[in-house]
Amino acid sequence: MSFVLTEDQEMLRETATAFARDELSITHLRALRDAGANGKDAKTRQKLAELGFFGVIIPDEPGAETFGLTGLGQILEAQGATLAATPLLQTALIAASALQLGGSPAQQAEWLPKIAGGETTFALALDETAHFAPYNVSTEAERNGQGYTINGLKKYVPDAHHADMLIVVARTFGESGDRHGLSLFLVPRDAKGVTITELKTVDSHGAAHVTLENVNVAESALIGPADQGADILDPVLDRAAIGLAAEMLGSAQAAFDMTLEYLNNRKQFGQLIGSFQSMQHRAAKMFIDLEMTRSCVASALAAADDGKSDLAELASLAKALASELVHLVSNECVQMHGGIGMTDVADPGFYMKRARVQEALYGSASWHRDRYARLNGF
Amino acid sequence: MSFVLTEDQEMLRETATAFARDELSITHLRALRDAGANGKDAKTRQKLAELGFFGVIIPDEPGAETFGLTGLGQILEAQGATLAATPLLQTALIAASALQLGGSPAQQAEWLPKIAGGETTFALALDETAHFAPYNVSTEAERNGQGYTINGLKKYVPDAHHADMLIVVARTFGESGDRHGLSLFLVPRDAKGVTITELKTVDSHGAAHVTLENVNVAESALIGPADQGADILDPVLDRAAIGLAAEMLGSAQAAFDMTLEYLNNRKQFGQLIGSFQSMQHRAAKMFIDLEMTRSCVASALAAADDGKSDLAELASLAKALASELVHLVSNECVQMHGGIGMTDVADPGFYMKRARVQEALYGSASWHRDRYARLNGF
Amino acid sequence: MAYDNAEQLEEFRLEARKWLEDNCPPSMRTPMRDDEVVWGGRNATFKNPDSKAWLDRMGEKGWTAPEWPKEYGGGGLSRSEARVLEQEMRRIKARPPLFSFGLWMFGPALLEFGNHEQKLRFIPDIVKGKTRWCQGYSEPGAGSDLAGLQTRCEDKGDHYLINGQKVWTSYADKADWIFCLVRTDTSTKHEGISFILFDMKSPGVEARPIQLISGESPFCETFFTDVKVPKEQLVGRVNGGWDIAKRLLQFERSSISAGGFGGTGGSGILGPDEYAKHHVGTDETGRVADGDLRGRIADHKMYTKAFALTVQRQTEQAKAGQAVGHTASILKYAAAKMNQDRHELLIEALGTEGLGWEGEGFDKGAMRVTRQWLRSKGNSIEGGTSEINLNVIAKRVLGLKEHQ
Amino acid sequence: MAYDNAEQLEEFRLEARKWLEDNCPPSMRTPMRDDEVVWGGRNATFKNPDSKAWLDRMGEKGWTAPEWPKEYGGGGLSRSEARVLEQEMRRIKARPPLFSFGLWMFGPALLEFGNHEQKLRFIPDIVKGKTRWCQGYSEPGAGSDLAGLQTRCEDKGDHYLINGQKVWTSYADKADWIFCLVRTDTSTKHEGISFILFDMKSPGVEARPIQLISGESPFCETFFTDVKVPKEQLVGRVNGGWDIAKRLLQFERSSISAGGFGGTGGSGILGPDEYAKHHVGTDETGRVADGDLRGRIADHKMYTKAFALTVQRQTEQAKAGQAVGHTASILKYAAAKMNQDRHELLIEALGTEGLGWEGEGFDKGAMRVTRQWLRSKGNSIEGGTSEINLNVIAKRVLGLKEHQ
């Protein structure tokens with residue numbers, strides 16, 4: 001495992017950082033919000049495609065080197081810093097990983113180039129309740145003559161309000177809670193029986209509930225073997241948690257930097273507020289937590305690239321620490337800004353709002369602590 | 001419920017505070033420790049008897065007014081401030097309560113005056129494992145011709161290394177974990193088959209493991225009805241937790257006062273360390289917690305005196321908050337004293353050591369949080 | 001206090017009970033929603049005509065301000081009688097007839113520092129809810145350091161002329177009058193501040209609502225450009241406003257710490273334990289399935305209980321003359337922490353159900369929680385930041401010294 | 001760095017491996033108990049003759065200080081070679097042959113600031129473990145504010161005369177020599193400090209062990225009464241000691257943050273999760289039954305893992321020339337918190353089993369935990385308090401300003 005980026009990854013990081021700063025600033029997010037875009041941003045999607053960001057983990061030809069999840073993590077960190085709403089997590093990370101880990105050669109040949117080119121975007125339709133619980137799936141996929149008929153309701157599916165394709169986790173065996181019996185299906189958003197209820201969310205990124213009513217898909221829509229979808233889903237979800245943790249790290253670092261800037265400029269009682277010792281100690285503690293989380297995110301990204309067996313453990317570590325961090329820092333960011341931090345014209349509130357969405361997706365800190373304990377046998 | 005002491009209770013509080021300050025200082029505890037007394041202190045027992053502290057909740061004649069648990073709480077708070085090792089919690093509170101709540105008229109007539117006079121001291125032999133779990137009792141009391149034969153092992157029984165009598169919780173029905181089937185027995189320390197293993201403990205108060213091997217007691221040794229001992233035990237343990245919480249509040253307040261004193265006298269960098277804002281904020285937060293805990297302890301004491309139905313809830317509240325408080329304050333006391341706080345000649349360490357014993361007895365903060373949640377239905 | 005013997009008090013209780021029975025409309029004995037609160041004023045709105053009747057009757061009797069002198073329209077009750085009235089109102093679950101910064105903050109200060117004419121002119125309309133007041137304190141450059149305020153007030157012989165800007169003026173866009181801190185001497189800090197009153201309809205006054213992160217706009221930026229103010233509207237002496245300001249801040253902190261945050265409170269919103277049971281689920285013994293979250297909820301509920309008991313204890317002790325001093329700072333700090341913790345736990349327990357902003361797909365109650373969660377972040381900033389409260393406790397209560 | 005090519009490094013690896021195979025006694029490849037640590041010095045004690053042989057061989061080769069110059073008895077290895085040696089020692093689980101403040105703190109500083117004669121005189125004996133050094137830094141009135149030290153050092157022409165008192169002198173009662181901060185100018189603060197060395201057997205030196213709350217006495221109060229010191233034993237220039245002191249503190253923080261606290265570590269002691277499983281019990285799925293405690297243990301174990309990864313990251317980044325700066329302060333703070341949290345959880349998990357002091361009735365391992373729990377409280381005080389470390393991070397890393 002290496003904590004030092006390759007030269008290529010370093011360049012990618014710089015490109016992504018500059019792009020986020022120049023074209024995906026919070027001002028951009030605010031403008032989209034005020035225009036009612038709700039996270040839909042075709043222009044940005046186009047630019048991301050031009051930059052090649054959709055294909056960062058997809059080799060140009062079989063066996064070729066890629067930037068790896070570590071590379072994609074740099075992009076997600078950069079977009080986290082400006083809270084940009086992009087299809088990268090769902091499409092470039094989750095869908096690409098699911099197809100790479102479980103897709104048939106035909107599926108890979110059909111979809112991976114479309115992902116890499118930004119032609120097709122995806123959304124993973126998994127959760128059915130308000131809390132992440134990947135095996136609590138009641139959505140049923142029943143065998144019919146030509147393939148499967150799917151019925152069920154998926155809640156708060158990120159990107160489902162604009163993605164072209166859905167990857168639907170459905171049950172082909174057993175009952176809610178069982179790991180065995182899950183299957184993954186490719187379902188076009190415009191398939192008959194699919195209803196998308198767009199959601200206006202606190203982070204202005206949007207999302208959607210997805211209802212599947214007698215949706216028929218062909219046999220070829222199944223990713224990997226039936227009933228054994230969890231074997232694909234588990235490592236995909238670990239990667240998703242890690243990617244999101246990278247994004248959260250970016251958000252936390254940016255909110256922290258904004259806070260430092262304010263501490264070093266705002267005066268009260270004739271003194272810079274950053275010169276008050278209680279503020280200094282709180283800032284120093286946040287910085288330590290940032291350093292710790294950065295190490296965990298980097299290790300988790302590297303573990304995914306190196307195919308390490310402790311991926312699940314590192315994923316939980318990174319996501320849990322990033323959650324605690326992003327709440328701490330975004331709350332301190334508002335508090336240390338004082339009244340101005342409470343206003344909509346200022347940026348701190350955006351970080352706090354996005355932080356709760358980031359935490360809720362792919363397992364809260366509490367969920368990952370529980371899993372970390374289970375993985376460690378206690 | 002009243003948060004304001006009666007005039008009598010106020011006088012009792014003053015007497016107890018002066019007595020603890022003058023005769024039971026930490027210097028006294030240190031001297032006893034260095035002499036190997038391990039919490040045994042016959043002289044103090046004598047003085048407590050003279051002051052009437054053993055009989056604070058025992059009426060002079062049936063139906064007469066007493067100082068109540070609120071009165072006893074003031075004494076325990078005072079002894080907590082100087083970390084004094086006395087038999088009051090086990091004898092004046094626990095044994096007196098058990099006999100008042102469950103004892104037969106004959107038992108009450110025999111023992112309550114002896115308690116009030118300081119003639120006989122008691123120890124409640126309950127726990128069998130390292131964690132408080134009042135129904136996890138495997139010690140068996142089997143019926144024989146004349147009474148019961150008791151077999152079992154009780155761990156870390158406070159005061160058992162010097163008490164005259166034991167109140168042994170044994171099982172007459174069911175199995176470990178069952179609430180039903182417990183019975184309480186009066187057992188003289190020198191009864192045949194009783195072995196006392198004295199323990200040298202971190203707080204210098206001492207304690208003992210108690211082994212009961214074919215200990216025969218008469219029918220009349222049973223307090224209350226057989227099998228239904230938990231009906232007595234539960235309210236007694238709530239009172240014990242509350243009394244201990246009062247003691248802990250006293251310890252925390254004393255450690256806090258000592259810290260404040262130091263903050264206002266010790267200089268570093270040419271400044272009083274208490275003038276550094278980070279120290280000030282930490283001190284202020286501790287003070288808020290002290291105020292909160294004081295309210296909970298006072299309410300819990302009053303609830304016991306008023307026979308309120310929310311006794312269990314308030315007991316858990318008081319004990320949990322007092323635990324968190326006493327750890328926080330005793331740790332900050334050592335830290336803010338710096339190097340000197342780490343030395344045996346200074347007092348802060350004594351508070352930290354005693355705090356862990358206080359927490360472990362009659363339910364840790366974690367145990368009481370769990371119970372509080374259960375009582376509140378979640 | 002001879003009057004206050006138990007018998008006479010009992011007599012008063014019966015009178016009060018009878019009067020309330022006769023005068024409090026049945027619809028005023030039901031839980032109040034946020035949008036039903038009555039703030040009074042020139043442009044008062046009443047969702048329900050009973051609200052107006054209830055305010056008029058209570059105002060006429062002076063019972064909106066039970067302890068204020070009769071001379072100025074108050075109820076003229078003793079502390080004990082006021083407490084009895086409170087109990088009787090609680091007994092029938094009577095709504096408060098009026099929410100008012102005049103009642104909570106400005107009135108008590110004016111009674112203490114104003115002259116007779118000022119009291120006669122302003123207090124009765126506060127009692128009756130005819131004038132709605134707002135508070136002109138914070139400025140862009142003067143938040144925690146309130147005494148750093150810059151709004152100029154010049155003596156122009158027969159009037160004062162005011163120029164400057166305030167922020168965080170609660171409901172300035174809806175208020176009739178403002179009580180305002182202004183600078184009358186720029187050569188000194190605390191000793192150059194005066195306390196002045198003026199009509200918000202005066203030429204040169206403009207209030208612009210500030211949108212908060214919660215989407216609501218209860219506060220304004222307020223601009224003063226050459227606002228003329230008659231000289232008799234200055235309270236106390238020129239340059240003597242800081243003492244009034246401090247006293248008023250105490251009233252503010254007390255009203256926050258006693259009432260908690262969030263107006264009418266979270267009626268209709270469940271606790272974090274209930275949301276957790278619903279959304280996270282329970283184990284076979286009925287416990288919240290996530291033991292970690294459950295422990296944190298228990299911790300919070302204990303803190304909430306401890307807070308309520310502390311309010312009760314301090315009230316009783318104050319009654320018995322055993323005041324701790326600066327309790328408002330203690331309770332203000334704790335109330336902010338408590339309300340913020342509560343909302344963090346609510347949002348955590350709600351999971352994605354707590355992430356809605358507006359429109360379809362989310363539970364309405366949950367979306368109210370989301371907005372309140374964001375609103376609660378202001379609790380540790382408004383009315384004296386938590387940091388300022390810790391400073392006050394450290395220095396005034398604990399006696400810790402400043403750097404030398 | 002031409003020498004450091006991969007091939008030559010591989011050659012060195014084979015040599016080192018061979019040498020270690022031949023010279024490291026098998027008994028030196030087993031886990032070390034606390035009482036088996038070798039501290040060297042004039043009165044060195046060895047529980048096991050193999051310990052002495054191992055030290056002598058490593059010292060002779062200079063591999064106790066692999067990167068120090070050969071000229072002064074060091075190993076003369078490059079950074080890469082030293083890392084290879086470390087890996088090879090870890091491979092066979094070789095014990096460290098020597099624990100020494102000379103190696104960790106004083107030696108590096110003397111190599112940087114001492115003159116040739118001083119290095120020739122003192123460094124080889126450090127490498128061979130023949131001289132045991134202690135550190136004369138803190139004083140009763142100078143803890144966090146180290147530069148406030150008062151121990152007087154007067155120039156008496158042909159020698160210095162030292163009077164004063166130090167505290168927290170680790171193992172002063174067992175050390176041969178002391179490196180000591182003294183005041184050579186009372187008219188200024190930082191610029192009046194010098195760095196001097198002397199024999200602890202000099203007349204006028206007295207070391208009294210301090211008993212800690214854990215019952216152990218690793219530290220002393222050390223008194224100097226008219227101690228005569230030859231002039232050539234002053235390091236650097238007169239009044240130039242503060243720079244040496246600061247550099248040395250960095251070495252100290254690094255050695256603490258790299259090695260963690262607690263000497264040889266808690267070999268034989270279980271983790272809080274294991275104690276909790278044993279003493280608190282588990283539910284039917286094998287989880288610690290107390291969900292609240294379990295969550296806190298998980299949190300701590302995650303912090304521990306994050307700490308280890310951070311040490312690793314900073315090492316790698318430093319290697320790649322991407323140093324963060326002041327990492328020692330960050331790691332020192334975190335290491336103290338981590339070790340203290342760990343011991344609090346251990347004690348909590350042990351319940352009453354963790355409350356023993358000595359004698360019968362308690363598990364021996366548990367009693368060691370209890371002592372270590374108390375000892376761990378010093379971690380946030382010794383070697384720079386946690387507060388000082390936060391100050392350093394705030395000012396040096398984050399660039400926050402001082403009051404003006």
Side-chain angles (χ1 to χ4, degrees), chain B residues 33 38 127 129-133 136 155-158 197-209 266-271 273 276 278-279 282 327 330-331 334-346 348-350 352-353 356-357 359-361 364-367 369-370 373, chain D residues 138 140-148 167-168 189 210-215 217 219 275-276 278-281 290-294 296 340 344 347-363 366-367 370-371 373-375 377-378 380-382 385-388 390-391:
Chain B
R33 179 196 69 173
N38 201 28
D127 282 323
T129 57
H131 283 270
F132 180 65
N136 288 2
K155 290 188 82 170
Y156 206 99
V157 182
T197 311
E198 185 165 341
L199 301 172
K200 296 213 162 156
T201 61
V202 70
D203 62 345
S204 308
H205 282 210
H209 293 329
R266 168 81 172 172
K267 284 190 174 184
Q268 289 282 281
F269 304 102
Q271 299 288 351
I273 55 176
F276 288 94
S278 69
M279 295 287 129
R282 281 155 64 177
H327 293 316
S330 61
N331 272 283
V334 169
Q335 178 69 21
M336 290 183 178
H337 276 76
I340 189 76
M342 282 297 292
T343 64
D344 185 71
V345 297
F350 280 80
M352 191 149 58
K353 291 172 177 175
R356 274 292 170 198
V357 179
E359 156 136 41
L361 299 177
S364 66
S366 201
W367 191 91
R369 268 197 294 273
D370 173 66
Chain D
S138 295
S144 286
D145 180 16
L146 182 59
V167 287
W168 309 116
K189 194 171 175 181
I210 300 168
Q211 198 184 351
L212 294 187
I213 56 176
S214 59
S217 306
F219 304 108
Y275 279 123
H278 182 70
H279 288 291
V280 179
D290 180 337
D292 179 301
L293 174 61
R294 176 173 178 263
R296 288 180 287 121
Q340 290 176 342
E344 287 290 338
I347 288 292
E348 182 176 346
L350 279 165
T352 53
E353 188 70 40
L355 303 176
W357 187 247
E358 59 191 14
E360 295 309 299
F362 292 103
D363 176 72
M367 280 197 286
T370 311
R371 302 289 186 125
W373 162 62
L374 291 163
R375 177 65 188 81
K377 299 303 172 184
S380 49
I381 298 169
E382 61 203 303
T385 63
S386 287
E387 289 79 8
I388 292 290
L390 292 177
N391 286 344

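Keep in mind it's a predicted model, so treat the numbers as computed, not measured. All heavy atoms count here, side chains included; hydrogens, waters and symmetry mates do not. Numbered from 1 within each chain, the chains take letters A, B, ... in sequence-line order.
The CD atom of B:Q335 lies 6.5 Å from the OG1 atom of D:T385; values are rounded to the nearest 0.5 Å. We find the CG-CG distance between B:D370 and D:D292 to be 8.0 Å, quoted to the nearest 0.5 Å. The CD atom of B:E359 sits 11.0 Å away from atom CD1 of D:I347, with the distance rounded to the nearest 0.5 Å. Here the straight-line distance linking atom CH2 of D:W168 with atom OG1 of B:T343 works out to 5.5 Å at 0.5 Å rounding. How far CG of B:L199 is from CD of D:E358: 12.0 Å, rounded to the nearest 0.5 Å. Remark: D:L293 CG to B:S366 OG distance equals 5.5 Å, nearest 0.5 Å.
If you measure heavy-atom distances from D:T370 to chain B, the contacts under 4.5 Å come from the side chain alone. Using a 4.5 Å cut-off between heavy atoms, D:L355 contacts chain B through both its backbone and its side chain. For a residue to count as touching a neighbouring chain, one of its non-hydrogen atoms must lie under 4.5 Å from one of that chain's; by this rule B:I273 does not touch chain D. Neither the backbone nor the side chain of D:R371 has a heavy atom closer than 4.5 Å to any heavy atom of chain B. With a 4.5 angstrom heavy-atom cutoff, D:I210 touches chain B only via side-chain atoms. For D:A147, no part lies near chain B; criterion is any non-hydrogen pair under 4.5 Å. Residue D:L390: no heavy atom, backbone or side chain, is found under 4.5 Å from chain B. Of the two parts of B:T129, only the backbone, made up of N, CA, C and O, holds a non-hydrogen atom closer than 4.5 Å to a non-hydrogen atom of chain D.
A donor-acceptor pair under 3.5 Å is formed between the side chain of D:D145 and the backbone N or O of B:F269. A distance-only check finds a donor-acceptor pair linking the side chain of D:T352 to the backbone of B:A130 [under 3.5 Å]. Between the side chain of B:K155 and the main chain of D:E353, no donor-acceptor pair closer than 3.5 Å is present.
The side-chain heavy atoms of D:K377 and B:N331, taken from C-beta on, include a pair separated by under 4.5 Å. Here the side chains of B:V202 and D:W357 are in contact, with some heavy-atom distance below 4.5 Å. Looking at heavy atoms from C-beta onward, B:H209 lies out of side-chain contact with D:E360 at the 4.5 angstrom threshold.
Contacts with chain D were tallied for B:R266, B:E198, B:H327, B:M279; B:R266 has the most, counting heavy-atom pairs under 4.5 Å. Counting heavy-atom pairs under 4.5 Å between each of D:G281, D:S386, D:G361 and chain B puts D:G361 at the top. Put simply, of D:G354, D:A349, D:S138, the one with the most heavy-atom pairs under 4.5 Å next to chain B is D:A349. For the set B:I340, B:V357, B:V334, B:T197, the count of heavy-atom pairs under 4.5 angstrom toward chain D peaks at B:V357. For chain B, the option among D:L146, D:V167, D:L212 with the highest count of heavy-atom pairs below 4.5 Å is D:L212. Taking B:A360, B:G338, B:G349, B:G270 one by one and counting their heavy-atom pairs under 4.5 Å with chain D, the maximum is reached by B:G338.
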Checklist line | Residue pair D:E348, B:R356: steps toward the side chain to side chain contact (heavy atoms under 4.5 Å, CB included) verdict | finding: CA-CA 8 Å; D:E348 182 176 346; B:R356 274 292 170 198; 3.9 Å; yes

Next item on the list: Take B:Q268 and D:E387 through the test side chain to side chain contact (heavy atoms under 4.5 Å, CB included) and record every step on the way to the result.
Entry: CA-CA 12 Å; B:Q268 289 282 281; D:E387 289 79 8; over 6 Å; no

Check: Does the pair D:V280 and B:W367 meet the rule for a side chain to side chain contact (heavy atoms under 4.5 Å, CB included), with working shown?
Finding: CA-CA 11 Å; D:V280 179; B:W367 191 91; over 6 Å; no

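When all heavy atoms of B:M342 and D:L374 are compared, the closest pair comes out as CE-O, 3.6 Å.
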